[in-house]
Asker: 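Take a look at this one; I'll ask things after.
This one's a predicted model, so the numbers in the text were calculated from it and none came from an experiment. Naming: A, B, ... by sequence-line order, numbering from 1 per chain.
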Amino acid sequence: MSSHATSLPADAEKPATSPWLSWALVITLIYLLLAAVGAIGDGFKMATGNNAKELFAFATNPFVGLMIGLAATALIQSSSTVTSIIVGMVAGGLPITIAIPLIMGANIGTSLTSTIVSLGHVRNGEEFRRAFSAATVHDAFNIVAVAILLPLELAFSPLRHTAEALAGFVASDTGVDMKSINIMKMVLSPASDVLNGAVSWMPGKIWMGVALIIIGIAMILFVVSAIGKVLRTVMVGKAKDIMHRSIGRGPISGMASGAAITVLVQSSSTTTSLIVPLAGTGVFSLKQVYPFTLGTNIGTCITALLAATAISGPTAILAMQIALVHLFFNIFGIAIIYILPFLRGIPPAIATKLAELAQRNKLYVVAYMGGVFFALPLLMIGITQL
Amino acid sequence: MPVNKHRETENRIRELRQSIDELEQQLLDTRKAENAQHETLDHLDEYINAVDTKVSSLKLFWSELKREWASL
C-alpha cells in the first residue's frame, strides 16, 4: 500500500450528488450518445450520398485502416468513442470491410491509456516494472490478436460472417426489433429533429451532413467522458464487490470481473488503468492481471452494441453487424490466444521483456510508445499513399 | 527384513509429513496474499480515478527522463 500517495495524484471522488440524480444523468447521457451516433449516420449519408466507398478508398488497404483506427484511438484516448463513431459511419454507408480493420486498430489504440498511467510509477523502479508490465500485457495481447485475426479475416472473413449471421436476429432493417415497433426511432426522433433543425440553415446537403458529423463526434467525445466520470463514482462500490468476489477463483472469474466492471463503468481505459496501480503495489501478479485485462476487452464492446441500437432503417443491420464484429473479434482473440497454451504465454512474455527494458532505460518507453502508437501508423499510412 | 521395512515406513512418513508441511505453507502463503489483495481492494475508491492521472503521469515521466539524460 506504499504507492497510494506517490503514484496516484488524483484523489478519490466522493459522490456529491444523490444516486437518483446520478442515474438520471447516466440515462440522459446514454440518450445523447444514441442521438450522436444517429447524427453521425445521418450526416454521413447526407455528406457522401452513395459515395462513402469512394470517399474511403484510401482506407481500402486493411493495414491503412488498422493504423487509422490505432492512431485515432491513441489520440482520442477512448475506444468507445472511436467504435461508436465507426458504427455511425457504417450506418451512413461506410463498407464493413473497411470498418473491420478500423475496429481492430481501435482495440490496440485504447491500450495506450493504461500504459501512460503506468508512467506515474516511474520513480520507483520495481513498482514501475510491475505497473508497466501490467499495462503492456494489454497492448501485447491486442497486437497478437490482430496479428492472428486480421490475416484470417482477410482470407476467410470469419468475423464478418459470424456477425452477419447474428445481426439479423438482433436487429431488423427497421431498427432494433421489438414486436415490429421501432421504439428506438420513436424515442430518438425528438433529438434527431433538434439536430437536423440546428444544421438546416447550412447551404446544401453536403455541408449539413458535415455539420451533423462534427456535432455527433463532439457529442460522443463529451458523453463518453462524462458518462465515465459519473459511472465511476456511482459504481465504485459494485466494482469493489465484484473484485473481492473474484479473488482466488481463477482466470475465468478474473475475466468475468474485468468484463463486468467495464460494462458498469462503460470504459475499458478506466478498468485497465485501475488495475495498473494495483499491480504496481505487487499485491496482484501479472498472471492475475492478464485475464482481468482480457475481460475488459469484452466489456468495452457494450458501448458499440448500445450505439448500434440507435440506428434504424436499411443500415440498422449493418450497424449491428460492425458492433458484433467488435465483440467477436475480442471473443475469438481470447478463445485463440488464451485457450491455446502455446499462445497464452506470449503477451505476458512480451510485457515482461518490455518492462525490464523500460526499467533499465526510459528511452525504451519513448521508443515503444511513440513507435507503436504514432510513428509506425503514420509511416505505414504515408508509405501506402505514395 | 522387518527392520528395513520399518525404516522404509518411517522414511515414507517423514516424506509425507514434509509434503503436508509444504502444502500447509503454500496454503498459508496463498491466504496471506489473498488477504493482502482484499485489503488493497478495500481502498479501490483511491484507484478508480487512475485513468485521470494520464497528464500528471506523463509530466512525471518527462521530468524523470530529462533528469536521467542530464545525469548521463
Asker: Going from OG1 on B:Thr53 to CG on A:Leu119, what distance comes out if it is rounded to the nearest 0.5 angstrom?
Answerer: 9.5 Å
Asker: Can you tell me how far apart CD1 (A:Ile247) and NE2 (B:His38) are? Round to the nearest 0.5 Å.
Answerer: 4.0 Å
Asker: Rounded to the nearest 0.5 Å, what's the gap from CD on B:Gln37 to OG on A:Ser246? Could you check?
Answerer: 8.5 Å
Asker: Count the heavy atoms belonging to other residues, nucleotides or ligands that lie under 6.0 Å from CZ of A:Phe374, then report whether that count exceeds 12.
Answerer: yes
Asker: With a 4.5 Å limit on heavy-atom distance, are the side chains of B:Asp42 and A:His244 in contact?
Answerer: yes
Asker: For chain A, which residues of residues 61-69 of chain B have at least one non-hydrogen atom nearer than 4.5 Å to it?
Answerer: B:Phe61, B:Ser63, B:Glu64, B:Leu65, B:Glu68, B:Trp69
Asker: Got a second to check how far B:Leu44's CG is from A:Lys240's NZ, nearest 0.5 Å?
Answerer: 6.5 Å
Asker: Between chain B and each of A:Ile275, A:Thr270, A:Val276, A:Val265, count heavy-atom pairs under 4.5 Å; write down the option with the most.
Answerer: A:Thr270
Asker: If you take all heavy atoms of A:Val117 and B:Ala50, which pair is closest and at what distance?
Answerer: CG2-O, 3.6 Å
Asker: Tell me, yes or no, whether the heavy-atom count around A:Phe222 atom CZ, taken from other residues, nucleotides or ligands under 6.0 Å, exceeds 12.
Answerer: no
Asker: Please tell me if the side chains of B:Tyr47 and A:Val236 come closer than 4.5 Å, counting only heavy atoms from C-beta onward.
Answerer: no
Asker: Taking everything shown except B:Gln18 itself, do over 12 heavy atoms lie less than 6.0 Å from its CD?
Answerer: no
Asker: Kindly indicate whether the side chain of A:Leu274, heavy atoms from C-beta on, has any atom under 4.5 Å from the side chain of B:Val51.
Answerer: no
Asker: Against chain B, label A:Leu363 side chain, backbone, both or neither, depending on which of its atoms sit under 4.5 Å from a heavy atom there.
Answerer: both
Asker: Strictly below 4.0 Å, N to O, side chains only: are A:Lys229 and B:Asp52 in salt-bridge contact?
Answerer: no
Asker: Supply the atom-to-atom distance A:Leu278 CG to B:Glu46 CD, rounded to the nearest 0.5 angstrom.
Answerer: 10.5 Å
Asker: Are there residues of residues 286-293 of chain A that reach to under 4.5 Å of chain B by heavy atoms, and which ones?
Answerer: A:Gln288
